[in-house]
Amino acid sequence: MTHHAVSAPGHRGLHAWLTSDSPTSRLQARCVQVYLGWLGLARNPLAMLGLGIVVVLVLAAIFAPLLAPADPIAQDLTRRLQPPGAPGFVLGSDELGRDILSRLLYGARVTLYVVALVVVTAPVFGLIIGTVAGYAGGWVDTVLMRFTDVFLAFPRLVLALAFVAALGPGIGNAVLAIALTSWPPYARIARAETLTIRNSDFIAAIRLQGASPLRIVIGHVMPLCISSVIVRVTLDMAGIILTAAGLGFLGLGAQPPLPEWGAMISTGRQFILDQWWVATVPGLAIFTVSLGFNLLGDGLRDALDPRSGR
Amino acid sequence: MSLTGTTSGGRRAWLSSRSGILKGGRLLVSLAVTMLGLLLITFLIGRVMPIDPVLAVVGERATKEVYEATRAAMGLDDPLYIQFWNYITEVLRGDFGMSLLTSRPVIEDIARVFPATLELATVATFLGVAIGVPAGVVAAVNQGRWPDHLVRLLGLFGYSMPVFWLGLMGLLVFYGKLDWVAGPGRLDVFFEDVVPQVTGVILIDSLLAGDTEVFANALSHIVLPASVLGYYSLAYVSRMTRSFMLEQLAQEYVTTARVKGLSEARVIWRHALGNVMVPLITVIALSYANLLEGSVLTEIVFAWPGIGFYITNALLAADMSAVLGGTVVVGIVFIGLNLLSDVLYRFVDPRAR
């Protein structure tokens, strides 16, 4: 990546500060790195489209009460299964006369909730397992990686099904099941990264200064693994959304009357031949959001990870 | 050359290399550990479930003495490691307990439903490979032009679409509106149990019986779910084919082949694709394994009486033996397919031996 301007310190403003090739502080170095990554991402129109979709999802979730024309769980049995465009129902109504658009908007909250919870648990757990295994080596590595392989050897949805069966249906348990089945790839990635940096000089220098293994792993190994893990997380988000929707569709995720997109498709299934919109609309929402995360993930991978260039 | 001659010759070649034995041994050990881990997980899931298995047997109104006696008789008072040991030996004997839902041994149920899943996943993989490989090749040859973008877009859609929703949309359009294909299920009610069950795979059984009507009906039922499932296989296979092909097309032997005057079609489809076939076998085996997972949701949408349908129904009826038995079987098949892809790769690619 080339630098756009040779920085003349002081008077070129923010842009110069952000593209400096001789940063004067740690903060500046980090900011330059992020900014250059952002420039790489911004050049990719598909990635920006993905980012746009994700931003819309977040905004819809935050402002759902303001945007939604109706209460997502208010029923009106006299006006069941109204087609899209019927007065008062932009996207139609479902089998209990609830406004589908409002349920869609509130459903964005459920989707984000699931994604956010999985994203703050599974990668962290995987990161810890992977870096510890990679740094410690020996039997610790063998045991931890065997453990990881066992989880990898399962089809994800089936394992999640079995977990939910044991824990009972519900959105919390669905999140737990998804998190329990999605951490192994992160452990694999973190371990691979750790192996490449474990024997480098700067780690040896830190070790000579007397840093404890814990300090080395947390302070010096993990930060270097984070960017590959982030890329993988973004690429996995679509998978997380699809699995959560699948569990919801099977009736094992979010329970009624919570407006979850997968569960909405499940109820719409009974009316699929005559009132097609009840199942179609939430499916389109899932598809759009997954597509957004996939586009963004692809873009991030291209921008942050030059090795995996296509 | 006689058949026995080739196999023993092959085995000798395999055994003659020390690293072959080592790798084979390591593979077996890792397989055993993975299986053990699989059983440990299903065992623990069975233990933490909120349903009390004793209560299910003795009923709500049993006295404390009866409850305790039954509990002891069921072996639930033993230490966990003994219970785990018992569980392993039972599973190895093929004993997954009785299904509450069907009142039959779980293993019999699974043997009955598994061919349906196998049939669906096989036809789906076949479709995915038959379209995905050429699509990937065309994309790689036209890198950066519209065919490439089209294939990439198709793949991206596949990665983003919920399989159960795509199935519903397929039913809506091709069954509901256009009436091109038959609806949910494996056969029309009218055709059920017409042909004798030999393999459990209706497409094969009907051909064996020579009943073309049943075959046509079964085909019309399987086309839609297999296409839906096959689309996911296509997304994966085409993407991998494309990147393998790009790698090959950049190699020098491709230039050599062109320089010596071979036609472009021969260079691409014979020379480059020939070398791609090796890693592609791994990809196809993996995608076959992944279809097992996709088939759970597809089977629900199409009321396809396979293992996913079975597990889900058992789950909704809190039939834990059936759920865990099904999970173990799916897990074993999944591990088996992964192993198969690994072994195939080693056999086909001399460099990996």
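Letters go in sequence order (proteins before strands), and every chain restarts at 1.
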Would you mind telling me which of A:Ser290, A:Pro282, A:Ser266 has the largest number of heavy-atom pairs within less than 4.5 Å of chain B? A:Ser290
As an exercise: rank A:Phe163, A:Trp276, A:Phe147 by heavy-atom pairs under 4.5 Å with chain B and give me the winner. A:Phe163
Would the number of heavy atoms belonging to other residues, nucleotides or ligands and lying under 6.0 Å from OH of A:Tyr113 be above 12? no
Taking side chain as everything from C-beta outward and backbone as N, CA, C, O, which of these in B:Ile300 sits under 4.5 Å from a heavy atom of chain A? Side chain, backbone, both or neither. both
Do the non-hydrogen side-chain atoms of B:Leu315 and A:Leu250 ever get within less than 4.5 Å of each other? no
Check whether any side-chain heavy atom of B:Met161 sits under 4.5 Å from a side-chain heavy atom of A:Leu284, and report yes or no. no
Name the member of B:Ile41, B:Ile335, B:Val296, B:Val163 that forms the most heavy-atom pairs with chain A at distances under 4.5 Å. B:Ile41
Could you state the interatomic distance from OG1 (B:Thr34) to CZ (A:Phe151), rounded to the nearest 0.5 Å? 12.5 Å
Report which part of B:Val33 has an atom under 4.5 Å of a heavy atom belonging to chain A: side chain, backbone, both, or neither. both
I need the B:Ser160 OG to A:Ile241 CD1 distance, nearest 0.5 Å. 9.5 Å
Between B:Ile311 and chain A, which part of the residue has a heavy atom less than 4.5 Å away: side chain, backbone, both or neither? side chain
Quick one: what part of B:Leu171 sits under 4.5 Å from any heavy atom of chain A, side chain, backbone, both or neither? backbone
Counting only heavy atoms closer than 4.5 Å, note whether B:Val301 contacts chain A via side chain, backbone, both or neither. both
Can you tell me which portion of B:Leu316 sits under 4.5 Å from chain A's heavy atoms? Options are side chain, backbone, both or neither. side chain
Approximate separation, where rounding is to 0.5 Å, of B:Leu297 CG and A:Phe249 CZ: 7.0 Å
Return the minimal non-hydrogen interatomic distance between A:Ala162 and B:Val323, and the atom names on each side. CA-CG1, 4.5 Å
Can you establish whether the number of heavy atoms outside B:Tyr175 located under 6.0 Å from its atom OH is more than 12? no
Heavy-atom cut-off 4.5 Å, strictly under: side chain, backbone, both or neither for B:Thr312 against chain A? side chain
Which one wins on heavy-atom pair count under 4.5 Å against chain B: A:Thr288, A:Leu46, A:Thr280, A:Leu161? A:Thr280
Heavy-atom check, side chain of A:Asp298 versus side chain of B:Leu156, under 4.5 Å: yes
Any chance you could measure B:Trp165, atom CH2, to A:Ile265, atom CD1, to the nearest 0.5 Å? 7.5 Å
Applying the ring-ring contact (aromatic ring centres under 6.0 Å, His included) test to A:Phe287, which of B:Tyr159, B:Phe164, B:Phe157 qualifies? B:Phe157
Counting heavy-atom pairs under 4.5 Å with chain B, the top scorer among A:Ala279, A:Gly251, A:Gly262 is A:Ala279
